[in-house]
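Below is one structure; the comments refer to it alone.
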There are 2 protein chains.
Amino acid sequence: MENDAPQGTQAALIAAGLHLFGQHGFAATSTRDLAARAGTNVASIAYHFGGKEGLRRACLREVARRMQSVLSGADRVPDTPEAAARQLETMLRALVFFLTTAREAADLVGFMLREIGEDGPALDEIYQTLIEPRHRAVCTLWARATGQDPDSEEVRISVFAFIGQAIYFRIGRPIVERRMGWAAIGPAEAQKIVDRLTQHLRAILAERHAP
Amino acid sequence: MENDAPQGTQAALIAAGLHLFGQHGFAATSTRDLAARAGTNVASIAYHFGGKEGLRRACLREVARRMQSVLSGADRVPDTPEAAARQLETMLRALVFFLTTAREAADLVGFMLREIGEDGPALDEIYQTLIEPRHRAVCTLWARATGQDPDSEEVRISVFAFIGQAIYFRIGRPIVERRMGWAAIGPAEAQKIVDRLTQHLRAILAERHAP
DNA sequence: TGATTTCAATCAAACGATTGATTAAAATCC
DNA sequence: GGATTTTAATCAATCGTTTGATTGAAATCA
């Protein structure tokens with residue numbers, strides 16, 4: 001598999017694509033805006049990627065490439081329910097901080113959420129590459145922590161709720177900020193969210209493997 | 001406040017706007033697509049709404065109008081924590097079913113989520129009209145159920161997580177369907193989600209006002 | 001080595017198509 | 001028949017894409 005990071009004009013166009021596609025959507029972003037932000041000419045898009053749609057796919061590939069280097073290291077499955085619960089807490093913290101504060105990842109997340117929302121053909125690759133393996137891994141952890149069947153519908157739904165609440169703090173960020181009276185979600189605010197969600201997680205897990 | 005339901009061509013255009021704006025986004029929807037779906041002429045948009053942007057605002061007004069007739073009846077604040085908890089469960093069930101299965105509401109929800117995502121000027125009205133009062137009401141319930149301060153940051157974050165997990169099952173629906181092996185989220189599937197989220201809710205609330 | 005050719009890359013300019021908006025005439029309604 | 005609504009036709013602007021020219025560095029030749 002090709003894993004080389006694009007360079008030069010290609011990289012600049014992909015960066016512009018991640019930013020503008022994620023911020024305003026694919027259709028609302030013009031090739032001229034892309035070229036201007038990348039500091040190059042409009043024709044470069046067709047030359048390097050075959051067109052605007054090709055740039056979108058290149059952005060998708062870039063997201064996949066950068067993600068698997070960020071979200072790795074949760075492959076080891078703990079032995080005890082307590083260790084599994086601790087690992088879920090660690091994962092929750094990493095997820096919330098990644099979604100809400102990660103400066104470098106802001107464009108990545110924005111682009112991916114937009115891509116999911118537009119329900120395009122890109123969704124297949126996103127799902128198979130990024131979501132399915134992750135979700136399956138968390139299911140294993142969750143099952144270990146609660147003593148349930150990792151392949152059961154119950155566990156899969158619980159994990160979606162678990163991840164979904166974290167994702168909402170990114171999707172509904174402008175709303176959250178307004179309601180919370182926060183100018184922005186920085187590390188301090190993210191920590192408050194993590195603290196609260198961790199309490200919820202512990203309550204849910206505790207009830208599950210109670211006698 | 002004007003509360004009359006639009007009729008005729010206006011209603012057809014608003015319905016088309018809710019559907020197409022919600023499905024493909026505002027920028028990706030042309031006035032000709034709108035007119036075709038509404039069974040009228042492009043010029044009708046400018047005539048009735050002053051332009052494409054005016055139709056967007058009219059759609060927003062329609063969402064607000066239809067929402068307050070759907071999500072009403074949670075104004076009475078129960079006396080006991082148990083009653084408040086029960087009301088939260090009822091609200092959760094209504095929310096999940098509304099988000100995932102409501103046939104009539106599919107366009108409404110899609111439009112609103114898209115509007116939030118685009119972070120446009122419409123967000124102010126959405127927030128003040130639909131979200132803030134609702135969120136505040138749920139906070140009151142949550143506080144009553146757990147014995148906390150309804151204005152505390154903790155309660156507000158908990159309520160966002162509570163609502164956010166439900167919303168995710170709508171935003172990430174294509175992903176959820178794929179992972180769950182569901183052809184669609186119908187009443188049966190929605191019930192499974194509700195059952196699971198209700199378990200989570202009970203676990204969280206139980207821990208809160210334990211001795 | 002020095003001259004020539006090749007090639008990827010970038011640019012300004014222009015293309016046809018489509019966009020949202022506008023106009024005035026035709027149609028419809030009360 | 002006067003007011004309201006819908007229509008076809010047209011507008012300038014912008015869209016994504018293509019074109020032909022130009023660049024500079026590597027490759028090839030003499």
Side-chain angles (χ1 to χ4, degrees), chain A residues 2 4-62 107 111 114-115 117-122, chain B residues 2 4-62 107 111 114-115 117-122:
Chain A
E2 298 276 351
D4 302 341
Q7 292 179 348
T9 303
Q10 296 196 25
L13 277 172
I14 289 175
L18 288 174
H19 183 80
L20 294 176
F21 289 157
Q23 197 119 53
H24 311 110
F26 179 78
T29 303
S30 73
T31 52
R32 286 162 181 83
D33 290 339
L34 290 164
R37 175 164 249 266
T40 182
N41 191 272
V42 233
S44 299
I45 298 174
Y47 177 77
H48 285 289
F49 305 102
K52 190 182 174 186
E53 186 61 40
L55 177 56
R56 173 195 222 153
R57 282 193 298 269
C59 288
L60 193 66
R61 249 175 293 135
E62 179 67 10
D107 288 344
F111 175 81
R114 191 71 77 161
E115 209 55 44
E118 300 195 357
D119 204 356
Chain B
E2 297 276 351
D4 301 341
Q7 293 178 347
T9 303
Q10 295 196 26
L13 278 173
I14 289 176
L18 287 175
H19 183 80
L20 293 176
F21 290 158
Q23 198 120 54
H24 311 111
F26 180 78
T29 303
S30 72
T31 52
R32 285 162 180 83
D33 291 340
L34 289 164
R37 174 164 251 267
T40 181
N41 193 272
V42 232
S44 298
I45 298 173
Y47 175 76
H48 286 289
F49 306 101
K52 189 183 174 186
E53 184 62 38
L55 177 57
R56 172 195 223 152
R57 282 194 297 271
C59 288
L60 194 66
R61 248 175 294 136
E62 180 66 10
D107 289 345
F111 175 81
R114 191 71 76 161
E115 207 59 41
E118 300 194 358
D119 204 356

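To find a chain, count down the sequence lines: A is the first, B the second, and so on, and within it residues start at 1.
Distance from the side chain of Ala43(B) is smallest to dT7(D) among dG20(C), dT7(D), dT6(D). Picking from dT7(D), dA8(C), dT6(D) the nucleotide with the shortest atom distance to the side chain of Tyr47(B) gives dT6(D). Set against dT23(C), dT17(D), dT6(D), the side chain of Thr40(B) has dT6(D) as its closest nucleotide. The side chain of His48(A) lies closest to dA9(C), out of dT17(D), dA12(C), dA9(C).
Separating the CZ atom of Phe49(A) from the C1' atom of dA9(C) is a distance of 13 Å, rounded to the nearest angstrom. Rounded to a whole Å, the CD atom of Glu53(B) is 18 Å from the C1' atom of dT22(C). Separating the CD1 atom of Ile45(A) from the P atom of dA12(C) is a distance of 14 Å, rounded to the nearest angstrom. Counting to the nearest Å, the P atom of dT19(C) and the CZ atom of Arg56(B) are 17 Å from each other. What separates CG of Asn41(B) from P of dT28(C) is a distance of 14 Å, to the nearest Å. With rounding to whole Å, Leu55(B) atom CG is found 14 Å from dA21(C) atom C1'. Residue Arg32(A) contributes atom CZ, which lies 6 Å from atom P of dC15(D) at whole-angstrom precision. Look at NZ on Lys52(A): it is 15 Å from P on dT18(C), rounded to the nearest Å.
The nearest pair of heavy atoms linking Arg114(A) to Phe21(A) is CG-O, 3.6 Å.
Between Tyr47(B) and Asn41(B), the closest side-chain pair of non-hydrogen atoms is not below 4.5 Å. Between Gln10(B) and Phe49(B) there is a side-chain heavy-atom pair separated by less than 4.5 Å. Inter-residue side-chain proximity for Phe26(B) and Glu53(B) is flagged as met; some heavy-atom pair is nearer than 4.5 Å.
In this structure, Val42(B) reaches neither bases nor backbone, as no heavy-atom distance under 4.0 Å exists between it and the strands shown.
Between dT19(C) and Ser30(B), a contact under 4.0 Å exists linking OP1 or OP2 to a side-chain N or O. A sub-4.0 Å separation between OP1 or OP2 of dA9(C) and a side-chain N or O of Ser44(A) is absent.
Projected onto DNA chain D by closest heavy-atom contact, Asp33(A) and Ala46(A) fall at different nucleotides, the more 5' of which corresponds to Asp33(A).
With hydrogens and angles disregarded, a donor-acceptor distance shorter than 3.5 Å links the side chain of Thr29(A) to the backbone of Leu20(A).
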